[in-house]
Amino acid sequence: MTLAVDAIAWHQFFFVMFALLTCGFAVGVLFSGNIVRMAFYLVLSLASSAGLFFLAGAEFVGAMQLMIYVGGTLVLLIFGVMLTAQDRFISLKTPAGEWVLSLIIGGTLLALLLAAAFRYEGWQQAELGDTTPTSSQADTTARLGLSLVGVRPDKLDDSPRKAGMSGYLFPFIIVSVHLLVVLVGAAYMARAKKRTTTTAR
Amino acid sequence: MALLGTVTVSHYLAVGAVLFVTGALCMATKRNALGVLMGIELVLNGANLNFVAFGSELLRKDNLGLDGSLMALFVIVLAAGEAAVALAIALNFYNNHMSIDIDQADDLKG
(Lines give C-alpha, C1' and ligand atoms only; values in the text may rest on other atoms or scores of the structure.)
Protein backbone atom coordinates (compact mmCIF):
# COMPACT_ATOMS: atom_id res chain seq x y z
CA MET A 1 0.00 0.00 0.00
CA THR A 2 1.44 3.32 -1.05
CA LEU A 3 0.78 6.54 0.69
CA ALA A 4 -0.48 9.53 -1.28
CA VAL A 5 2.71 11.37 -0.34
CA ASP A 6 4.82 8.82 -2.16
CA ALA A 7 2.88 9.34 -5.38
CA ILE A 8 4.17 12.89 -5.77
CA ALA A 9 7.52 13.28 -7.49
CA TRP A 10 9.02 15.61 -4.95
CA HIS A 11 12.11 16.46 -6.97
CA GLN A 12 10.08 17.61 -9.94
CA PHE A 13 7.63 19.40 -7.68
CA PHE A 14 10.30 21.40 -5.89
CA PHE A 15 12.14 22.10 -9.14
CA VAL A 16 9.00 23.52 -10.76
CA MET A 17 8.19 25.53 -7.64
CA PHE A 18 11.64 27.09 -7.29
CA ALA A 19 11.96 27.64 -11.06
CA LEU A 20 8.62 29.43 -11.20
CA LEU A 21 9.52 31.57 -8.17
CA THR A 22 12.91 32.45 -9.62
CA CYS A 23 11.63 33.34 -13.09
CA GLY A 24 8.51 35.05 -11.79
CA PHE A 25 10.34 37.37 -9.43
CA ALA A 26 12.98 38.06 -12.11
CA VAL A 27 10.18 39.16 -14.45
CA GLY A 28 8.83 41.19 -11.54
CA VAL A 29 12.19 42.97 -11.25
CA LEU A 30 12.01 43.75 -14.95
CA PHE A 31 8.46 45.07 -15.07
CA SER A 32 8.23 46.81 -11.72
CA GLY A 33 8.70 50.55 -11.94
CA ASN A 34 9.36 51.14 -8.27
CA ILE A 35 13.03 50.77 -7.28
CA VAL A 36 12.22 49.58 -3.75
CA ARG A 37 9.94 46.84 -5.05
CA MET A 38 12.60 45.85 -7.57
CA ALA A 39 15.10 45.34 -4.75
CA PHE A 40 12.60 43.22 -2.83
CA TYR A 41 11.77 41.07 -5.88
CA LEU A 42 15.48 40.60 -6.53
CA VAL A 43 15.99 39.29 -2.98
CA LEU A 44 13.21 36.74 -3.48
CA SER A 45 14.44 35.69 -6.93
CA LEU A 46 18.00 35.09 -5.79
CA ALA A 47 16.86 33.27 -2.65
CA SER A 48 14.71 30.87 -4.63
CA SER A 49 17.52 30.24 -7.10
CA ALA A 50 19.51 29.09 -4.06
CA GLY A 51 16.79 26.46 -3.74
CA LEU A 52 17.59 25.34 -7.30
CA PHE A 53 21.26 25.04 -6.29
CA PHE A 54 20.29 22.79 -3.39
CA LEU A 55 18.23 20.63 -5.74
CA ALA A 56 21.19 20.25 -8.09
CA GLY A 57 23.27 18.87 -5.24
CA ALA A 58 25.50 21.92 -4.81
CA GLU A 59 24.57 22.64 -1.23
CA PHE A 60 27.70 24.65 -0.43
CA VAL A 61 27.13 26.97 -3.41
CA GLY A 62 23.51 27.35 -2.35
CA ALA A 63 24.54 28.30 1.17
CA MET A 64 27.07 30.78 -0.21
CA GLN A 65 24.37 32.19 -2.47
CA LEU A 66 22.16 32.80 0.54
CA MET A 67 24.94 34.22 2.71
CA ILE A 68 26.94 36.34 0.25
CA TYR A 69 24.32 37.34 -2.30
CA VAL A 70 21.15 37.63 -0.27
CA GLY A 71 22.84 38.47 3.01
CA GLY A 72 25.60 40.74 1.74
CA THR A 73 25.37 42.03 -1.79
CA LEU A 74 21.65 42.74 -1.75
CA VAL A 75 21.82 44.43 1.63
CA LEU A 76 24.45 46.67 0.02
CA LEU A 77 22.12 47.35 -2.92
CA ILE A 78 19.21 48.13 -0.60
CA PHE A 79 21.48 50.53 1.28
CA GLY A 80 22.15 52.24 -2.05
CA VAL A 81 18.44 52.37 -2.79
CA MET A 82 17.71 53.93 0.58
CA LEU A 83 20.54 56.46 0.29
CA THR A 84 19.30 57.70 -3.07
CA ALA A 85 15.55 57.27 -2.59
CA GLN A 86 14.27 60.77 -3.21
CA ASP A 87 10.72 61.09 -4.44
CA ARG A 88 11.58 61.75 -8.06
CA PHE A 89 13.94 58.79 -8.32
CA ILE A 90 11.68 56.13 -6.79
CA SER A 91 9.99 55.36 -10.10
CA LEU A 92 11.70 56.65 -13.23
CA LYS A 93 9.63 56.00 -16.33
CA THR A 94 11.16 54.39 -19.40
CA PRO A 95 9.82 55.60 -22.78
CA ALA A 96 7.45 53.18 -24.49
CA GLY A 97 9.58 53.00 -27.63
CA GLU A 98 12.52 51.63 -25.66
CA TRP A 99 10.24 49.04 -24.03
CA VAL A 100 9.00 47.81 -27.41
CA LEU A 101 12.46 47.63 -28.94
CA SER A 102 14.03 45.87 -25.97
CA LEU A 103 11.13 43.43 -25.61
CA ILE A 104 11.48 42.45 -29.27
CA ILE A 105 15.23 41.91 -28.89
CA GLY A 106 14.82 40.14 -25.55
CA GLY A 107 12.10 37.84 -26.84
CA THR A 108 14.25 36.86 -29.79
CA LEU A 109 17.21 36.19 -27.53
CA LEU A 110 15.06 34.15 -25.15
CA ALA A 111 13.66 32.02 -27.99
CA LEU A 112 17.18 31.43 -29.29
CA LEU A 113 18.52 30.43 -25.86
CA LEU A 114 15.58 28.14 -25.09
CA ALA A 115 15.90 26.42 -28.47
CA ALA A 116 19.62 25.93 -27.83
CA ALA A 117 18.98 24.59 -24.32
CA PHE A 118 16.67 21.83 -25.53
CA ARG A 119 18.53 21.02 -28.73
CA TYR A 120 21.46 18.94 -27.53
CA GLU A 121 20.43 15.44 -26.51
CA GLY A 122 23.32 14.94 -24.13
CA TRP A 123 21.84 17.56 -21.86
CA GLN A 124 18.56 15.66 -21.64
CA GLN A 125 19.80 12.21 -20.77
CA ALA A 126 18.22 10.93 -17.63
CA GLU A 127 19.88 7.54 -17.14
CA LEU A 128 21.92 7.95 -14.02
CA GLY A 129 21.61 4.60 -12.30
CA ASP A 130 21.83 5.03 -8.56
CA THR A 131 21.33 8.67 -7.70
CA THR A 132 21.81 8.20 -3.97
CA PRO A 133 24.92 10.20 -3.11
CA THR A 134 27.75 8.08 -1.78
CA SER A 135 29.59 9.22 1.31
CA SER A 136 32.49 10.50 -0.76
CA GLN A 137 30.10 12.61 -2.82
CA ALA A 138 28.09 13.79 0.13
CA ASP A 139 30.79 15.95 1.73
CA THR A 140 30.99 18.47 -1.07
CA THR A 141 32.19 21.12 1.33
CA ALA A 142 35.37 19.26 2.23
CA ARG A 143 36.16 18.55 -1.43
CA LEU A 144 35.55 22.18 -2.38
CA GLY A 145 37.80 23.35 0.45
CA LEU A 146 40.56 20.97 -0.61
CA SER A 147 40.26 22.18 -4.19
CA LEU A 148 40.61 25.78 -3.12
CA VAL A 149 43.92 25.02 -1.43
CA GLY A 150 45.19 23.16 -4.48
CA VAL A 151 44.33 19.47 -3.90
CA ARG A 152 41.78 17.82 -6.16
CA PRO A 153 40.40 14.78 -4.34
CA ASP A 154 38.38 13.74 -7.41
CA LYS A 155 41.36 13.83 -9.77
CA LEU A 156 43.95 11.98 -7.72
CA ASP A 157 44.47 9.38 -10.45
CA ASP A 158 45.46 11.88 -13.10
CA SER A 159 48.67 11.37 -15.00
CA PRO A 160 51.70 12.41 -12.90
CA ARG A 161 52.49 15.18 -15.35
CA LYS A 162 49.23 16.94 -14.49
CA ALA A 163 49.23 16.12 -10.80
CA GLY A 164 48.80 19.20 -8.65
CA MET A 165 47.96 21.42 -11.60
CA SER A 166 44.19 21.17 -11.46
CA GLY A 167 43.62 22.83 -8.09
CA TYR A 168 42.42 26.37 -7.58
CA LEU A 169 45.02 27.76 -5.18
CA PHE A 170 46.28 30.49 -7.49
CA PRO A 171 42.84 31.81 -8.54
CA PHE A 172 41.87 31.70 -4.87
CA ILE A 173 44.78 33.95 -3.92
CA ILE A 174 44.08 36.29 -6.83
CA VAL A 175 40.44 36.56 -5.80
CA SER A 176 41.46 37.28 -2.21
CA VAL A 177 43.76 40.13 -3.24
CA HIS A 178 41.09 41.34 -5.65
CA LEU A 179 38.51 41.51 -2.87
CA LEU A 180 40.93 43.47 -0.67
CA VAL A 181 41.61 45.99 -3.46
CA VAL A 182 37.90 46.26 -4.20
CA LEU A 183 37.06 46.99 -0.57
CA VAL A 184 39.76 49.65 -0.29
CA GLY A 185 38.67 51.22 -3.59
CA ALA A 186 34.98 51.19 -2.71
CA ALA A 187 35.63 52.77 0.68
CA TYR A 188 37.84 55.40 -0.99
CA MET A 189 35.27 56.28 -3.65
CA ALA A 190 32.19 56.28 -1.44
CA ARG A 191 33.62 58.39 1.36
CA ALA A 192 32.01 61.71 2.17
CA LYS A 193 33.54 64.51 0.15
CA LYS A 194 32.37 67.34 2.40
CA ARG A 195 34.81 66.38 5.15
CA THR A 196 37.80 68.35 3.78
CA THR A 197 35.92 71.61 3.41
CA THR A 198 34.51 71.50 6.91
CA THR A 199 37.87 70.82 8.53
CA ALA A 200 39.55 73.54 6.50
CA ARG A 201 37.05 76.08 7.62
CA MET B 1 4.31 16.46 -13.11
CA ALA B 2 4.12 13.93 -15.90
CA LEU B 3 4.60 16.64 -18.49
CA LEU B 4 8.01 17.50 -17.15
CA GLY B 5 9.43 14.03 -16.80
CA THR B 6 12.84 13.92 -15.21
CA VAL B 7 14.57 17.17 -14.40
CA THR B 8 17.58 17.47 -16.70
CA VAL B 9 20.30 19.96 -17.43
CA SER B 10 18.13 21.49 -20.15
CA HIS B 11 15.53 22.63 -17.64
CA TYR B 12 18.19 24.34 -15.57
CA LEU B 13 19.50 25.97 -18.74
CA ALA B 14 15.99 27.23 -19.51
CA VAL B 15 15.70 28.88 -16.08
CA GLY B 16 19.16 30.36 -16.56
CA ALA B 17 18.14 31.71 -19.97
CA VAL B 18 15.10 33.43 -18.48
CA LEU B 19 17.26 34.98 -15.75
CA PHE B 20 19.81 36.13 -18.32
CA VAL B 21 17.25 37.75 -20.62
CA THR B 22 15.40 39.52 -17.82
CA GLY B 23 18.71 40.81 -16.48
CA ALA B 24 19.83 42.04 -19.88
CA LEU B 25 16.48 43.79 -20.41
CA CYS B 26 16.81 45.35 -16.95
CA MET B 27 20.20 46.72 -17.94
CA ALA B 28 18.75 48.08 -21.18
CA THR B 29 15.54 49.66 -19.95
CA LYS B 30 16.05 50.86 -16.38
CA ARG B 31 16.90 54.52 -15.95
CA ASN B 32 17.85 54.22 -12.30
CA ALA B 33 21.52 53.28 -11.97
CA LEU B 34 20.70 50.86 -9.16
CA GLY B 35 18.18 49.13 -11.45
CA VAL B 36 20.99 48.56 -13.93
CA LEU B 37 23.01 47.02 -11.09
CA MET B 38 20.14 44.69 -10.27
CA GLY B 39 20.08 43.60 -13.92
CA ILE B 40 23.78 42.73 -13.70
CA GLU B 41 23.08 40.63 -10.60
CA LEU B 42 20.35 38.74 -12.47
CA VAL B 43 22.65 38.03 -15.43
CA LEU B 44 25.42 36.74 -13.16
CA ASN B 45 22.94 34.57 -11.31
CA GLY B 46 21.71 33.02 -14.55
CA ALA B 47 25.29 32.16 -15.53
CA ASN B 48 25.83 30.71 -12.06
CA LEU B 49 22.81 28.46 -12.46
CA ASN B 50 24.28 27.08 -15.68
CA PHE B 51 27.62 26.39 -14.00
CA VAL B 52 25.94 24.54 -11.14
CA ALA B 53 23.73 22.54 -13.51
CA PHE B 54 26.68 21.45 -15.64
CA GLY B 55 28.67 20.51 -12.55
CA SER B 56 25.91 18.59 -10.82
CA GLU B 57 26.45 14.89 -10.30
CA LEU B 58 22.74 14.33 -9.83
CA LEU B 59 21.70 15.54 -13.28
CA ARG B 60 24.14 14.14 -15.80
CA LYS B 61 26.79 11.46 -15.99
CA ASP B 62 29.68 13.25 -17.70
CA ASN B 63 29.44 16.41 -15.64
CA LEU B 64 32.01 19.03 -14.85
CA GLY B 65 32.34 17.72 -11.33
CA LEU B 66 33.83 20.08 -8.79
CA ASP B 67 34.84 22.63 -11.42
CA GLY B 68 31.25 23.77 -11.89
CA SER B 69 30.74 24.49 -8.20
CA LEU B 70 34.13 26.19 -7.92
CA MET B 71 33.42 28.46 -10.90
CA ALA B 72 30.06 29.33 -9.34
CA LEU B 73 31.81 30.25 -6.09
CA PHE B 74 34.27 32.50 -7.91
CA VAL B 75 31.40 34.16 -9.79
CA ILE B 76 29.58 34.84 -6.51
CA VAL B 77 32.69 36.39 -4.93
CA LEU B 78 33.46 38.54 -7.98
CA ALA B 79 29.82 39.64 -8.15
CA ALA B 80 30.08 40.82 -4.55
CA GLY B 81 33.17 42.89 -5.39
CA GLU B 82 31.57 44.25 -8.55
CA ALA B 83 28.45 45.31 -6.65
CA ALA B 84 30.54 47.11 -4.02
CA VAL B 85 32.53 49.10 -6.59
CA ALA B 86 29.51 49.90 -8.78
CA LEU B 87 27.55 51.04 -5.76
CA ALA B 88 30.43 53.30 -4.73
CA ILE B 89 30.47 54.80 -8.22
CA ALA B 90 26.70 55.30 -8.17
CA LEU B 91 26.83 57.00 -4.76
CA ASN B 92 29.70 59.21 -5.92
CA PHE B 93 27.66 60.21 -8.96
CA TYR B 94 24.69 60.91 -6.73
CA ASN B 95 26.80 63.09 -4.43
CA ASN B 96 28.15 65.11 -7.35
CA HIS B 97 25.03 65.51 -9.47
CA MET B 98 22.19 65.05 -6.94
CA SER B 99 20.67 62.55 -9.39
CA ILE B 100 20.69 58.79 -9.93
CA ASP B 101 19.23 58.95 -13.47
CA ILE B 102 21.79 57.48 -15.84
CA ASP B 103 20.44 59.55 -18.72
CA GLN B 104 22.11 62.52 -17.04
CA ALA B 105 25.45 60.73 -16.68
CA ASP B 106 26.89 61.96 -19.94
CA ASP B 107 29.89 64.00 -18.87
CA LEU B 108 33.20 62.82 -17.48
CA LYS B 109 33.87 65.81 -15.25
CA GLY B 110 31.12 66.87 -12.90
Side-chain angles (χ1 to χ4, degrees), chain A residues 9 11-13 15-16 19 22-23 26-27 29-30 35 38 42 46 49 52-53 56-58 61 64-65 68-69 72-73 76-77 80-81 83-84 89 92 94 98-99 102 106 109-110 113-114 117-118 123-124 126 128 131 137 143-144 147 154 168 171 175 178-179 182 185-186 189-190 193, chain B residues 1 4-15 17-22 24-26 28-32 34-35 37-38 41-42 45 49 52-53 55-61 65-66 69-70 72-74 76-81 83-85 87-92 94-95 100-101:
Chain A
H11 188 225
Q12 281 92 333
F13 172 74
F15 176 81
V16 170
T22 307
C23 297
V27 172
V29 172
L30 176 60
I35 187 72
M38 282 168 54
L42 188 65
L46 294 187
S49 76
L52 288 181
F53 290 171
V61 182
M64 283 300 111
Q65 169 95 357
I68 299 182
Y69 248 119
T73 308
L76 207 65
L77 261 181
V81 169
L83 280 174
T84 60
F89 299 131
L92 287 169
T94 308
E98 291 184 19
W99 271 118
S102 56
L109 184 61
L110 183 61
L113 286 177
L114 286 182
F118 286 100
W123 294 343
Q124 298 186 13
L128 272 180
T131 53
Q137 285 173 351
R143 294 192 298 151
L144 282 178
S147 304
D154 54 339
Y168 281 84
V175 150
H178 178 267
L179 267 190
V182 157
M189 273 197 295
K193 284 280 166 46
Chain B
M1 298 300 151
L4 182 59
T6 316
V7 176
T8 58
V9 176
S10 291
H11 299 100
Y12 275 85
L13 292 188
V15 180
V18 172
L19 282 182
F20 179 85
V21 170
T22 48
L25 287 188
C26 260
T29 55
K30 297 293 176 195
R31 279 175 63 203
N32 195 322
L34 296 168
L37 277 186
M38 292 178 193
E41 302 293 331
L42 277 179
N45 201 45
L49 201 58
V52 167
S56 167
E57 288 162 348
L58 304 180
L59 295 178
R60 206 162 67 110
K61 232 171 211 167
L66 276 187
S69 293
L70 282 162
L73 281 181
F74 281 121
I76 288 179
V77 170
L78 291 180
V85 169
L87 195 72
I89 291 174
L91 288 185
N92 215 347
Y94 180 74
N95 283 337
I100 200 71
D101 186 359

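Each chain gets a letter, A, B and so on, in the order the sequences are listed, and its residues count up from 1. Predicted model, so just to flag it, every value in this text is computed and none were measured.
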What closest approach, in Å, do B:A84 and A:A186 show between heavy atoms, and which atom pair accounts for it?
O-CB, 3.9 Å
Around atom OH of A:Y69, are there more than 12 heavy atoms of other residues, nucleotides or ligands at under 6.0 Å?
yes
Side chain, backbone, both or neither: which part of B:L91 has a non-hydrogen atom closer than 4.5 Å to chain A?
side chain
Just so I understand: if I count every heavy-atom pair under 4.5 Å between each of A:C23, A:G72, A:A19 and chain B, which residue has the most?
A:C23
Spell out, as yes or no, whether a donor-acceptor pair under 3.5 Å connects the side chain of A:T94 to the backbone of B:K30.
no
Which of the residues B:D101, B:I89, B:I100, B:V85 is involved in the greatest number of heavy-atom pairs with chain A at under 4.5 angstrom?
B:I100
Under the criterion side-chain contact (heavy atoms from CB on, under 4.5 Å), I'd like the reasoning laid out for B:V77 against A:L179: C-alpha separation, chi angles, the key distance, then a yes or no.
CA-CA 8 Å; B:V77 170; A:L179 267 190; 3.6 Å; yes
Measure across B:A88 and A:M189 and return the closest heavy-atom pair with its distance rounded to 0.1 Å.
CB-CB, 4.0 Å
Pick from A:L46, A:L114, A:V61: which one has the most heavy-atom pairs with chain B under 4.5 Å?
A:V61
With a 4.5 angstrom heavy-atom cut-off, could you sort out which part of A:I35 is near chain B: side chain, backbone, both or neither?
both
I want to check something: taking the side chain as every heavy atom from C-beta on, are A:L30 and B:T29 in contact at a cut-off of under 4.5 Å?
yes
What distance separates B:I76 CD1 from A:M64 CE, expressed to the nearest 0.5 Å?
8.0 Å
The interface call for B:A80 against chain A, heavy-atom contacts under 4.5 Å, is both
Quick one: CZ on A:R143 to CG on B:L70, what's the gap to the nearest 0.5 Å?
10.0 Å
Is there a side-chain contact between B:E41 and A:L77 (heavy atoms, below 4.5 Å)?
yes
Going by heavy atoms in the side chains, are B:L19 and A:T22 under 4.5 Å from each other?
yes
Would you call the rings of B:H11 and A:F15 parallel, tilted or perpendicular if under 30° counts as parallel and over 60° as perpendicular?
perpendicular
Top contributor to chain A interface from B:A83, B:S69, B:A79 [non-hydrogen pairs under 4.5 Å]:
B:S69
Heavy atoms, side chains only, cut-off 4.5 Å: are A:L83 and B:Y94 in contact?
no
Please classify the contact of A:L42 with chain B as side chain, backbone, both or neither, using a heavy-atom distance under 4.5 Å.
side chain
Please state whether the side chain, the backbone, both or neither of B:L87 comes within less than 4.5 Å of a heavy atom of chain A.
side chain
Pair count under 4.5 Å, heavy atoms only, with chain B: among A:S147, A:G185, A:A58, highest is A:S147
Over all heavy atoms of both residues, which pair between A:L52 and B:Y12 is shortest? Give the atoms and the distance, please.
O-OH, 3.2 Å
With a 4.5 angstrom heavy-atom cut-off, which part of B:V21 approaches chain A: side chain, backbone, both or neither?
side chain
Closest approach of A:F118 to B:A14 (non-hydrogen atoms, all atoms of both residues):
CE1-CB, 3.9 Å
Where on A:L110 is there a heavy atom nearer than 4.5 Å to chain B: the side chain, the backbone, both, or neither?
both
Locate the shortest heavy-atom distance separating B:L25 from A:S102; write the atom from each residue and the value.
CD2-O, 3.0 Å
If you count heavy-atom pairs under 4.5 Å between each of A:T84, A:V182, A:L109, A:L113 and chain B, which one has the most?
A:T84
At a 4.5 Å cut-off on heavy atoms, which part of B:A24 comes close to chain A: side chain, backbone, both, or neither?
neither
Residues B:L13 and A:A117: closest non-hydrogen pair is CB-CB, 3.6 Å
Examine whether an atom of B:F74 lies under 4.5 Å from a heavy atom of chain A, and if so say whether it belongs to the side chain, the backbone or both; otherwise answer neither.
side chain
Note, B:N45 side chain near A:Q65 side chain (heavy atom, < 4.5 Å):
yes
